[in-house]
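Reading through the structure tokens given below for one structure.
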Amino acid sequence: MTDQKALAKGYEPKNVEAKWRKHWEETNLFTPDANAPGEAFSIVIPPPNVTGALHIGHALNLTLIDVLCRHARQKGKNTLWIPGTDHAGIATQNVVERALAAEGKNRRELGREAFVERVWAWREDYGHRILDQIRALGASVDWTRLRFTMDDGLSAAVRKVFVRLYNEGLIYKGKYIINWCSRCHTALADDEVEHEQQKGRLWRVRYHLADGSGSIAVATTRPETIPGDTAVCVHPEDARYAALIGKSALVPVLGRSVPIIADAYVDREFGTGALKVTPCHDHNDWALGNKHHLEFIQVIDENGLMTHDAGPYAGLSKELCREKIVADIAAAGDMLSVENMEHAVGHCYRCRTAVEPHVSTQWFVAATKLAPAARDATPALTQIYPESWIKTWNHWLDNIRDWCISRQIWWGHRIPAWTCPACGALTVAEESPAACSSCGAGGLAQDEDVLDTWFSSALWPFSTMGWPEKTTELARWYPTSVLVTGFDILFFWVARMMMMGLHFMGKPPFRHVYLHALVRDAAGRKMSKSTGNVIDPLAMTEKYGCDALRFTLTAFAAMGRDIRLSEERIEGYRHFVNKLWNAARFAMMHLAAGPEPVNPRTVQGLHHQWILHRLEAVKSGMDQAFEEYRFNDAAQSGYKFLWNEFCDWYLELIKPDLQSDDAPRANTARHVLQLALREVLVLLHPIMPFVTAEIWQALPSGAADMADMAAAELAVMPWPPARPCCVRETAAQHMEMIQEVIVAVRTMKAELGINPSQKVSLLLRPAGAAQAALLEENREMIMTLARLESLSADEDTTAPKASASSVAQGCQIIMPIRGAVDLASELARLDKELAKMEKDVAAVNKKLCNESFVSRAPADVVASEQKRAARLLDAKAKLLALKERFTQASADEEISPFHV
RNA sequence: GGGCAGUUAGCUCAGUUGGUAGAGCACCGCCUUCACACGGCGGGGGUCACAGGUUCAAGUCCUGUACUGCCCACCA
């Protein structure tokens with residue numbers, strides 16, 4: 001650490017950030033000791049794709065988690081944040097396959113083993129990118145506990161879970177209809193299919209009855225599946241077709257005879273009310289086929305080509321088959337109509353290829369059996385924020401279907417199941433078995449498939465902590481405190497972690513789930529490379545500093561709302577970072593020698609009492625906001641305090657103190673300045689770790705009572721304890737009075753075109769002795785901030801005729817204007833002021849004249865309204881009196897202009 | 001078809017328990033005041049989407065409508 005004590009004029013984030021990143025990691029500052037005291041606080045990172053690059057969504061996620069972790073440390077919690085990456089099966093395999101394609105190769109040529117090696121090599125080369133980007137954001141993760149979903153330990157956990165679930169009958173293998181991506185050449189889970197409305201056509205086709213007695217019209221959007229038809233289905237109560245039920249129809253072109261069946265599933269309103277049933281190529285037809293014991297004929301293979309069973313169309317692509325069969329049917333005179341229509345088509349979430357329903361043998365997790373426990377755990381054991389997601393959560397769990405977990409790709413955890421070449425029996429085991437568990441034969445062949453990437457992610461909260469070993473991490477930090485992630489992976493990930501965590505650990509994996517928004521562009525569109533509207537977090541960090549980016553994301557993270565981000569926002573908050581920097585710079589000019597301690601309890605001076613009072617409010621407000629995931633509230637109150645109170649008022653107010661020859665007076669100011677600055681740095685540190693750490697380090701060591709604060713570095717400083725003795729409502733009210741007077745003078749000057757730096761005389765006519773004393777005690781503050789030449793506060797003051805005037809809390813504010821000002825503009829100003837009061841008075845009176853308000857509203861509300869009415873009326877009367885006097889003066893034209 | 005959000009100042013958004021509508025940016029005016037022009041001071045600007053209802057009192061609670069966005073869903 002450098003030991004420079006002077007701060008540069010403008011904040012230069014680049015070097016500062018690099019320095020602190022390095023320091024935090026080298027000193028293992030965020031590696032917790034399991035034996036350390038304090039409540040456990042833990043978070044597991046939502047592991048980014050190992051081949052991925054950091055996008056703004058990660059930046060938001062990591063920032064919010066970091067805010068929580070840093071705040072938890074401040075609150076004395078034993079805090080663990082586990083970082084790591086996901087092997088991201090299909091996505092990563094696709095990336096490497098693309099690289100191979102660029103070399104003119106494909107994975108089949110390479111062979112499985114070489115291909116997998118190639119992916120590992122790819123990970124070696126590029127896997128650190130995403131980790132460096134996590135570092136760049138200042139994420140306070142424990143790098144000593146870095147994990148990867150395909151680490152040995154995590155892989156062992158995957159096998160253990162698989163075997164146990166299999167033995168419990170919760171994993172099974174079977175032939176079912178699944179979603180098939182012919183480009184990725186693998187099965188997909190239901191939720192890996194994204195449905196999109198697409199233009200298509202609806203063909204009405206005549207199916208002749210087998211007995212030649214007539215025909216039935218059938219509607220379809222997929223004529224290429226006609227060769228796979230094994231029934232025609234109508235609604236049992238559909239009068240049009242009642243006579244046909246039980247008869248047979250002939251499949252067009254092929255002439256195969258299929259039964260006409262009835263099922264209430266059919267929508268009589270749609271199409272012709274008669275549905276062709278193709279059990280192998282449609283999820284619903286699959287269900288119908290099973291229910292009615294229909295024949296299953298597969299006519300499209302896994303490459304999208306027509307099978308042998310497609311008769312004349314065998315060998316054609318499904319697209320070509322569609323063209324031909326439509327033409328053939330038309331030629332036969334059986335095409336009744338064609339119309340355009342929109343319908344939903346499923347697409348692969350990884351490559352956007354249209355997904356084909358496909359019958360094949362796959363592995364499944366019996367999610368239907370695991371889901372109820374996950375449902376019951378919320379909100380009893382795990383609370384979801386924002387709460388509105390609970391309905392969606394429940395609905396999904398209530399309607400869950402078994403989870404297809406086998407993928408026909410090579411990158412991932414290979415399924416720990418072996419088939420016996422001799423007897424065909426299946427052996428499922430954690431380690432490669434030497435012999436068949438059934439007949440004892442050797443030479444077992446392992447299943448070719450790998451597991452869905454989300455299978456290993458589902459174990460993440462406990463596999464990263466060393467499960468199935470009984471580790472200290474698990475004992476100390478499981479369950480995790482909160483899961484912070486985007487709602488887009490609520491089902492993919494959160495729900496499955498919940499099911500696995502409950503099943504294997506007996507406890508839900510997290511106490512809270514905080515779902516944050518999606519980051520969109522300024523126009524509300526999803527950011528994507530193809531739209532070209534991405535905001536690159538690293539470029540933003542580079543340009544405006546990481547703290548500016550982090551503050552922006554935090555300030556916009558209102559619960560349950562998407563974030564519309566634009567570069568201007570980040571630029572705007574860079575100003576805030578710079579403001580803090582400069583406030584500190586100012587403070588440093590006066591703190592070179594540490595001030596002598598002053599007891600905050602007995603500190604004199606309204607401005608000191610006031611800032612300490614405000615500090616208490618902000619401290620507790622931010623603390624609570626952090627605890628309740630109201631990130632935007634925390635950021636906003638920190639922002640307002642620092643800029644609008646600390647900088648705009650307090651720093652200005654203590655300038656005379658700091659320059660005073662009165663040593664104790666100057667010392668008090670320096671002490672309170674240092675105290676407030678130090679505390680505000682702590683408060684803002686979770687959001688802006690770099691700039692605050694840098695300033696903290698540059699500050700001279702504190703006075704005796706702050707020795708503990710000054711000693712350590714900011715990242716491990718505790719959250720400042722509440723200081724109840726500094727809560728002073730009266731001081732706050734008094735300060736408000738002083739501020740009102742100052743603002744009134746500034747406004748008068750501005751509106752009358754008087755240069756703000758021009759010193760004027762001011763006469764105050766206080767509303768009473770107490771007010772007079774208050775103003776007198778604080779005359780220097782008013783003189784300085786209102787830029788006055790002279791000030792008198794006298795209850796018996798009479799206003800000179802040529803005066804601008806105003807009223808604050810019953811105190812008349814009179815500013816002789818000495819003819820230098822256009823009298824008409826002061827009149828106009830007064831009238832505007834009076835009109836505003838008039839409006840307020842009318843509103844309050846309306847309320848107070850309302851009989852039922854007075855009788856029914858709580859007494860304190862009525863009282864405060866009455867007080868307000870009295871205050872307004874008083875102010876209005878006083879202002880009117882001043883105006884009256886002023887009007888006379890204008891009429892007299894007796895004002896002798898005189899100048900300063 | 002079902003569900004969930006949203007609709008507040010020109011723009012982007014706050015507005016915890018109902019009790020005098022706020023911020024940032026943008027805009028207008030003034031100011032090179034010894035931390036900051038990435039600044040200071042002051043100012044203009046809103047019938048809180050619409051229609052009902054509850055209440056002494058509604059941006060806030062309830063019902064309905066419209067529009068926008070998202071999620072789920074088996075109209076082939």
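In what follows, chains are A, B, ... by sequence order, proteins preceding strands, each numbered from 1.
Considering every non-hydrogen atom in both A/P223 and A/I325, the closest pair reads O-CG2, 3.7 Å. Pairing each heavy atom of A/S660 with each of A/A666, the nearest pair is O-CB, 4.2 Å. In plain terms, the two heavy atoms of A/L752 and A/S825 that are nearest each other are CD2-OG, 3.7 Å.
Within the nucleic acid shown, A/W643 comes within 4.0 Å of sugar-phosphate atoms alone, with no base atom in reach, counting heavy atoms only. Within the nucleic acid shown, A/C233 has no heavy atom closer than 4.0 Å to any nucleic acid atom. In this structure, A/L202 reaches neither bases nor backbone, as no heavy-atom distance under 4.0 Å exists between it and the strands shown. If you check every strand for non-hydrogen atoms under 4.0 Å, A/Y265 touches a base. Using a 4.0 Å heavy-atom distance criterion, A/R222 is classed as making no nucleic acid contact. Among the protein residues, A/K276 comes within range of no part of the nucleic acid, since none of its heavy atoms lies under 4.0 Å from any strand. Among the protein residues, A/G545 comes within range of no part of the nucleic acid, since none of its heavy atoms lies under 4.0 Å from any strand. Nucleic acid contact class of A/V277 (heavy atoms, under 4.0 Å, all strands): none. At the heavy-atom level, A/D285 lies nowhere under 4.0 Å from the strands shown. A/E652 comes within 4.0 angstrom of a base, heavy atoms only. When heavy atoms are screened at a 4.0 angstrom cut-off, A/S757 is found touching no nucleic acid atom at all. A/R746 comes within 4.0 angstrom of the backbone, heavy atoms only, and of no base. A/H395 comes within contact range of the sugar-phosphate backbone alone, with a heavy-atom separation under 4.0 Å but no base atom that close.
To the nearest whole angstrom, the two P atoms, one in B/rG22 and one in B/rA9, are 14 Å apart. Going from the C1' atom of B/rG40 to that of B/rA57 covers 40 Å, rounded to whole Å. Across B/rC13 and B/rC28, the matching C1' atoms stand 23 Å from one another, rounded to whole Å. Using atom C1' as the reference point in both B/rG6 and B/rC34, the two lie 50 Å apart (nearest Å). If you take atom C1' in B/rG39 and the same atom in B/rU32, they sit 11 Å apart, rounded to whole Å. Comparing the C1' positions of B/rG45 and B/rA5 gives a spacing of 29 Å, expressed to the nearest Å. Comparing B/rG59 with B/rG52, their P atoms are spaced 15 Å from each other, to the whole Å. B/rU17 and B/rC67 have their P atoms separated by 30 Å, with the value rounded to a whole Å.
A salt bridge links A/D191 to A/R496: one of the charged nitrogens lies within less than 4.0 Å of a carboxylate oxygen.
At least one cation-pi condition fails for A/R375 and A/W393: the charged atom is not both under 6.0 angstrom from the six-membered ring centre and inside a 45 degree cone around its axis. Seen from the ring of A/F646, A/K579 does not count as a face-on cation partner, given the 6.0 Å and 45° thresholds. Both tests hold for A/R746 against A/W649: distance to the six-membered ring centre under 6.0 Å, angle to the ring axis within 45°.
The nearest heavy atom of RNA chain B to A/V266 and to A/D191 marks one nucleotide each, and the one closer to the 5' end goes with A/D191. Projected onto RNA chain B by closest heavy-atom contact, A/A750 and A/N582 fall at different nucleotides, the more 5' of which corresponds to A/N582.
For A/K847, the listed nucleotide lying nearest its side chain is B/rG19; candidates were B/rU16, B/rA76, B/rG19. In this structure, of B/rG19, B/rA76, B/rA23, it is B/rA23 that holds the atom nearest to the side chain of A/Q636. Side chain of A/Y639, nearest nucleotide from B/rG24, B/rC74, B/rU20: B/rG24. For A/T392, counting side-chain heavy atoms from C-beta on, the closest listed nucleotide (B/rA76, B/rG42, B/rC71) is B/rC71. Out of B/rG44, B/rU33, B/rG40, the shortest distance to the side chain of A/D648 is found at B/rG40. For A/F270, the listed nucleotide lying nearest its side chain is B/rC75; candidates were B/rG42, B/rC75, B/rA14. Taking only side-chain atoms of A/N578, from C-beta outward, the nucleotide of B/rC38, B/rA76, B/rU12 with the closest atom is B/rC38. Distances were taken from every side-chain heavy atom of A/K640 (C-beta onward) to each of B/rC75, B/rG22, B/rC38; the shortest belongs to B/rG22. Of the candidate nucleotides B/rA76, B/rA35, B/rA5, B/rA5 has the atom nearest to the side chain of A/S388. The side chain of A/N284 lies closest to B/rC74 when the candidates are B/rG40, B/rC74, B/rU16.
Contact check, A/K579 against B/rG40: a side-chain N or O comes under 4.0 Å of OP1 or OP2. Distances shown here put every side-chain N or O of A/K391 at or beyond 4.0 Å from the OP1 or OP2 atom of B/rG3. OP1 or OP2 of B/rA35 has at least one side-chain nitrogen or oxygen of A/K655 nearer than 4.0 Å. For B/rG39, one of the phosphate oxygens OP1 or OP2 lies less than 4.0 angstrom from a side-chain nitrogen or oxygen of A/H575.
Between the side chain of A/E865 and the base of B/rA57, no donor-acceptor pair of N or O atoms lies under 3.5 Å.
Under the Watson-Crick or G-U wobble criterion, with both distances below 3.5 Å, B/rA51 is paired with B/rU63. Partner assigned to B/rC38 is none, using Watson-Crick or G-U wobble distances below 3.5 angstrom.
Here B/rC38 presents its P atom at 18 Å from CG of A/L642, a figure rounded to the nearest Å. Atom pair A/I754:CD1 and B/rC30:C1' shows a separation of 12 Å (rounding to whole Å applied).
Under the 6.0 Å cut-off for aromatic ring centres, A/Y650 and A/F641 do not qualify, their centroids lying 6.0 Å or more apart.
Between the side chains of A/K318 and A/T225, no donor-acceptor pair of N or O atoms lies under 3.5 Å.
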